[in-house]
Number of protein chains: 2
Amino acid sequence: MTQVRPMRADARRNYERLLKVAAEAFAEHGEGASLDDIAKRAGVGSGTLYRHFPTRQALLEAAYVDRIEALAVRADELGAELPPGEALVEWLNELCVGTIQVRGMKALLGSAVTDGSAAAVTACGTNMKEAAARLVEAAQREGTLRADIEPIDVLRLAHGVATASELAKGDRSAIRRYVSLLTEGLRPAR
Amino acid sequence: MTQVRPMRADARRNYERLLKVAAEAFAEHGEGASLDDIAKRAGVGSGTLYRHFPTRQALLEAAYVDRIEALAVRADELGAELPPGEALVEWLNELCVGTIQVRGMKALLGSAVTDGSAAAVTACGTNMKEAAARLVEAAQREGTLRADIEPIDVLRLAHGVATASELAKGDRSAIRRYVSLLTEGLRPAR
DNA sequence: CACTAAGCGGGGACTGTCTCCGTTTAGTGT
DNA sequence: ACACTAAACGGAGACAGTCCCCGCTTAGTG
């Protein structure tokens, strides 16, 4: 086993400050926020930032792990409370809405879901995929979800809906319509 | 009337070289291709590029006008050949596929469809929106399209589908499934 | 309290965007 | 042919961002 010696106190301090500042920065400027600027605002050198988080993706993910994790948990809650079809619909709703409300999270969801070679196979992304898989499979067994849809498709489509909704900045109702369209489309052919 | 004096010969030459090179560059490196590099490859200074095309958007659009225009024309062709519902479905199919095949066109479609204040109200984007509107309205009159969908929604959703498909680089069949899901979702509630 | 490796941080190389302005040249009138 | 001028050129350079390297600092240990 990899003997993980605990982080030095200063390292831990910086790590946490960076996360806090990063979350603010992403919220304020979107996923493109300047990394050097985040480092500066956290009062550390850029070297420190890049050592802790080698890529923008890594930082983005670290800043939002809790939300992703919460979403994965939520999937199982809904799965326990509702019939599979409804659980999936409701979860997709929360997923899309959440993704849009938190600037920067859309980018994260997107990258977690590519199958490009260098895809960041992030731990929490995996959680999410597994949670989605459980909902999808249950709904398919029940017959309320098209059979030709894979779990990963659902996540990609959620990303697509979030993207479409973003284009409709001015129209607050768009997201509701787009999510409903997605869930309608997911039902088996008549 | 704005008396448009014809471009000077050298200006026209450069304009055309730039377009040609830009199309290649976008195809090769995606929408993010370096503009200075395009200028260099076209054998002109960057000043010349920026004078002809003040923004990346402008260049992108100029490089793809013909395709956008063709798509608008195609909408009317389909509208004349097929019953409205089918025409819309078929057009969406061609739109999504075309958008994905041509790197950089997705970005263009996206920007043509935002209603943010500074939206580039591009001439050819308008053509496209009008073409879409004709198909959408016909299909709604016929009753084969949900009544709560606006023409612009259809374009945004196409952009969303293209985005989702892009995430599935490895999976050639994804796009078909996603488009079919979109068209299913667009049908009126049962 | 001294030692050492973990950690820091900012200077600097590099890439890209976009503007400014001195220089060049196409088109025109003579 | 030639001179003139407005149009167009082009590249230097200011600026912003990313990311690495390596000499310096400091937390944790015996």
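Quick note on labels: first sequence line is chain A, next is B, and so on, each numbered from 1.
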Integer-rounded Å distance: [N] [atom2] and [X] [atom1]:
| X | N | atom1 | atom2 | result |
| --- | --- | --- | --- | --- |
| B/E16 | D/dC9 | CD | P | 12 Å |
| B/R12 | C/dT25 | CZ | C1' | 18 Å |
| B/D37 | C/dG16 | CG | C1' | 10 Å |
| A/I38 | D/dC19 | CD1 | P | 12 Å |
| B/M7 | C/dG27 | CE | C1' | 16 Å |
| A/L49 | D/dC20 | CG | P | 12 Å |

Original post:
More 5' along DNA chain D: B/R51 or A/T55, using each one's nearest nucleotide?
Top reply: B/R51
Subject >> 5' priority, DNA chain D, between A/T48 and A/L35 [closest heavy atom] >> reply: A/L35
Original post:
Considering all heavy atoms of both residues, which atom of A/S111 and which atom of A/T114 are nearest to each other, and what is their separation?
Top reply: O-OG1, 3.3 Å
Original post:
Are B/R187 and B/E184 ion-paired here, with the side-chain N under 4.0 Å from a carboxylate O?
Top reply: yes
Minimum-distance nucleotide (side-chain atoms of [X] versus [options]):
| X | options | answer |
| --- | --- | --- |
| A/A11 | D/dA8, C/dG7, C/dT17 | C/dG7 |
| B/A9 | C/dG27, D/dC9, C/dC8 | C/dG27 |
| A/R56 | D/dA6, D/dT18, C/dG7 | D/dT18 |
| B/R8 | D/dG10, C/dT25, C/dG9 | C/dT25 |
| B/S46 | C/dG7, D/dA8, C/dT19 | C/dT19 |

Taking only N and O in the side chain of [X], is any of them less than 4.0 Å away from OP1 or OP2 of [N]?
| X | N | value |
| --- | --- | --- |
| B/Y50 | C/dC18 | yes |
| A/H52 | C/dC8 | yes |
| B/N14 | D/dC9 | yes |

Original post:
Going from CZ on A/R176 to SG on A/C96, what distance comes out if it is rounded to the nearest 0.5 angstrom?
Top reply: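 That separation rounds to 13.5 Å.
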Original post:
When we call it a touch if two heavy atoms are under 4.0 Å apart, what does A/D10 touch: a base, just sugar-phosphate, or nothing?
Top reply: sugar-phosphate
Subject >> 5' precedence on DNA chain C between A/D36 and A/P6 (nearest-nucleotide basis) >> reply: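 First, find each residue's nearest nucleotide; the 5'-ward one identifies A/P6.
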**OP:** Mind telling me whether A/Y64 and A/F26 have parallel, tilted or perpendicular rings, with 30° and 60° as the class edges?
**Re:**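 Tilted, since the angle between the ring planes falls between 30° and 60°.
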Subject >> Close side-chain approach of A/L95 to A/L155, heavy-atom, < 4.5 Å >> reply: yes
